[in-house]
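Quick notes on the structure that follows.
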Amino acid sequence: MNATTAVPPPPERFNFAQHLLALNADRAAKPAFIDDAGTLSHGELARRVRQVAAALRAAGIRREERVLLLMHDCNDWPVCFLGALYAGVVPVAVNTMLTADDYAFMLANSRAQAVLVSAALLPVLEAALAQPGHEVHSVIVSRPTAPLASPHTELEAWLQAHQPTNQAAHQPADQPADQPATTRADDIGFWLFSSGSTGRPKGAVHSHANLYWTAELYGKGVLGLSEHDVCFSAAKLYFAYGLGNALSFAQSAGATTLLMAGRPTPEAVFQRWTGPIRPTVFFGAPTGFAGMLANPGLPARDAVALRLVSSAGEALPAELGLRFKAHFGVDIVDGIGSTEMLHIFLSNHPAKVRYGSTGWAVPGYSVELRGEAGAAVPDGEPGDLYIRGPSAALMYWGNRAKSCETFQGDWTKSGDKYVRNADDGSYTYSGRSDDMLKVSGIYVSPFEVEATLAQHPAVLEAAVIGKEDAEGLTKTKAFVVLKPGAAADEAELKAFVKERLAPYKYPRFIEFMAELPKTATGKIQRFKLRELEASRAAPA
């Protein structure tokens, strides 16, 4: 499917941080971010962004060098991210839930010169810094609760010592320190590490313009965000989804963002929904919505101010969307994006929702479904999803083989399988390319079976993988988590699926679990369930 857009491209000389500050120059007193500790106005944001840029320059960090951003969601996060962009320095935003070994790899891979870190994450960072291979010479700590050991520096003191008017010794004479770096739209702006299910994470390298395109095409073009909105994202800022939701989209529209450092449990989300400043737009994921709808503390419809709800990260089961709308009177707008494309490229629309599908290509993007030989597949048959659009990453840093595999000319291979529906041209998710199962010679989508199981009143969530039976043939196995206090047995669930799907699709095996393995974004890690089955099948 091809799509066009009337959105003008950014100018050749373009700095995204400067672009946002200019957009909000007339909103100096309006709240830009509100975190657990207080409010940051647009005017204060602009001042602190310039301070970060001046401090980075004074520290001798040069254009295109990297700094690691390891920080919980708080007002300091956008200040540091945008400050680096403003200076032409490349922030590498990373997951806050990883191990010291993960951070050691990322530090070495990115050759980061400095780390901007939350005080609570300093111990794991120090364990990573104790390993060889990095080039870090500065550690700047956000909101420490105790005096810092040398040579670490407290963020607030660091900023106050480097006012925007301070001229760094290495700064070109024709570029004052409080001016943005003269970056181009296609210059490297920032990195995001993919959350890959296996192997080392891959650093997806994005340009300054990529943030502009996703904000214009999706944040404004599809979601219609405005300065009157208050945005709240369960996905954290270090994820591509959260970065758009809470920073680039909201700031591009002049909106206000609520930030929460802690985990987005149902209770924590409900507290924000019903708080003194109620969000009008919420960004979540299917696993989170399932937990919310099953929670006895679910707020009443008139207790919230939601006008728009977005979902991504994994396909939204129709049953969840319908239940949510029945309770709150608001549709969940489901879409799919990726770290490689930066945000959502295939989506439902607030005015046009087809539950059970991921919707249509976002204007400005094209999608194609291809078979194993690379040719387009007909409607109704699963194919590999390819995307073409202006927000694709430039490459995976230092990984030519994976870059060539994923970024194929104008097209990006997503790794997802989809079916195009002939009746309205919408697309329905069929699972990851490596998760699809062939049972009796016919493809079975794990997601289809999972979504059907989720319709059972006792089921909270389910994950389906392939398991070899006694004859060595692949059959479906479901791992099921029941709702608190609910009961169901294997025979009941099998019969439930048989009544709703073709007979060959029902799970031949069912195992009940207390919880499913998931990534930090809430995606179910089927590969861990496959590893569990493989370990059981291995000879003792």
Side-chain angles (χ1 to χ4, degrees), residues 13-22 25 32-33 40-71 74-94 106-107 110-119 121-122 125-126 128-129 134-144 147-184 187-191 208 247:
R13 288 182 61 171
F14 180 76
N15 182 293
F16 185 75
Q18 189 275 334
H19 167 71
L20 289 187
L21 300 191
F33 295 94
L40 183 70
S41 70
H42 284 286
E44 291 168 330
L45 173 67
R47 176 179 60 83
R48 290 173 69 82
V49 163
R50 293 186 173 99
Q51 283 182 295
V52 169
L56 289 171
R57 289 164 173 166
I61 299 175
R62 297 170 294 181
R63 286 272 300 273
E64 299 184 9
E65 289 186 322
R66 274 76 64 193
V67 295
L68 201 77
L69 180 52
L70 175 59
M71 199 174 286
C74 66
N75 291 346
D76 288 341
W77 202 107
V79 165
C80 293
F81 181 84
L82 294 174
L85 290 180
Y86 196 87
V89 172
V90 179
V92 179
V94 297
M106 292 172 172
L107 289 169
S110 66
R111 299 196 293 276
Q113 300 297 298
V115 182
L116 299 154
V117 61
S118 289
L121 297 168
L122 188 55
L125 173 66
E126 289 177 326
L129 292 172
H134 67 80
E135 300 179 16
V136 174
H137 57 73
S138 299
V139 175
I140 314 302
V141 184
S142 168
R143 303 182 181 182
L148 296 170
S150 179
H152 302 336
T153 303
E154 193 265 329
L155 175 65
E156 196 61 37
W158 186 63
L159 296 185
Q160 294 307 316
H162 298 94
Q163 296 299 328
T165 53
N166 290 353
Q167 183 74 31
H170 66 279
Q171 188 71 16
D174 61 347
Q175 185 179 321
D178 61 352
Q179 295 299 306
T182 53
T183 51
R184 295 173 299 171
D187 279 353
I188 293 174
F190 63 102
W191 293 18
H208 279 260
L247 200 163

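Computation of the quantities below employed the complete heavy-atom set of this structure, encompassing side-chain atoms and omitting hydrogens, waters and symmetry-equivalent molecules. Remember, predicted model here, so these are calculated numbers, not experimental data.
Across every non-hydrogen atom of Ala17 and Leu85, the tightest pair is CB-CB, 3.9 Å. For the residue pair Leu116 and Cys80, the shortest heavy atom distance occurs at CD1-CB, 3.8 Å. Heavy-atom minimum distance, Ala59 versus His137: O-CE1, 3.9 Å. Here the closest non-hydrogen pair linking Arg57 and Ala87 is NH2-CA, 3.7 Å. When all heavy atoms of Ala84 and Val52 are compared, the closest pair comes out as N-CG1, 4.1 Å.
Within the 4.5 Å cutoff, the side chain of Asn15 has no heavy atoms near those of the Thr182 side chain. Between Leu247 and Phe33, the closest side-chain pair of non-hydrogen atoms falls below 4.5 Å. Two residues are said to be in side-chain contact when any heavy atoms from C-beta on lie closer than 4.5 Å; Gln113 and Val136 fail this criterion. In this structure, Leu21 and Val49 have side chains that are in contact, with non-hydrogen atoms separated by less than 4.5 Å. Inter-residue side-chain proximity for Gln51 and His162 is flagged as unmet; no heavy-atom pair is nearer than 4.5 Å. Between Val115 and Leu107 the shortest side-chain heavy-atom distance falls below 4.5 Å. Residues Thr183 and Arg63 form a side-chain contact, since some pair of their non-hydrogen atoms from C-beta on lies under 4.5 Å apart. Between Arg50 and Gln179, every side-chain heavy-atom pair lies at or beyond the 4.5 Å cut-off.
Interatomic distance, CE of Met71 versus CZ of Arg143, reported as 9.0 Å (0.5 Å rounding). Note: Tyr86 OH to Leu20 CG = 12.0 Å, rounded to the nearest 0.5 Å. We find the OG-CG distance between Ser142 and Leu122 to be 11.0 Å, quoted to the nearest 0.5 Å. Note that CG of Leu148 is 9.5 Å distant from CD1 of Ile140, once rounded to the nearest 0.5 Å.
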Take Arg48 and Leu40, measure what side chain to side chain contact (heavy atoms under 4.5 Å, CB included) needs, and give me the verdict at the end.
CA-CA 10 Å; Arg48 290 173 69 82; Leu40 183 70; 3.8 Å; yes
Going through the checks in order, is the side chain to side chain contact (heavy atoms under 4.5 Å, CB included) test met by Leu70 and Leu125?
CA-CA 9 Å; Leu70 175 59; Leu125 173 66; 4.2 Å; yes
Would you sort out whether Val94 and Leu68 count as a side chain to side chain contact (heavy atoms under 4.5 Å, CB included), showing the intermediate values?
CA-CA 7 Å; Val94 297; Leu68 201 77; 3.7 Å; yes
Does the side chain to side chain contact (heavy atoms under 4.5 Å, CB included) test come out yes or no for Phe81 and Asp76, once each step is laid out?
CA-CA 9 Å; Phe81 181 84; Asp76 288 341; over 6 Å; no
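Between Arg47 and Glu44 there is no salt bridge, since no side-chain nitrogen of the basic residue lies less than 4.0 Å from a carboxylate oxygen of the acidic one. Using a cutoff of 4.0 Å between basic side-chain nitrogens and carboxylate oxygens, Glu135 and Arg66 are not scored as salt-bridged.
The aromatic rings of His19 and Phe16 lie tilted to each other, with the angle between the two planes from 30° to 60°.
Ser138 places no side-chain N or O within 3.5 Å of a backbone atom of Ala114 that could act as its donor or acceptor partner. Between the His134 side chain and the Leu129 main chain, a donor and an acceptor come within less than 3.5 Å of each other.
The neighbour count for Arg184 CZ, taken as heavy atoms of other residues, nucleotides or ligands under 6.0 Å away, does not exceed 12.
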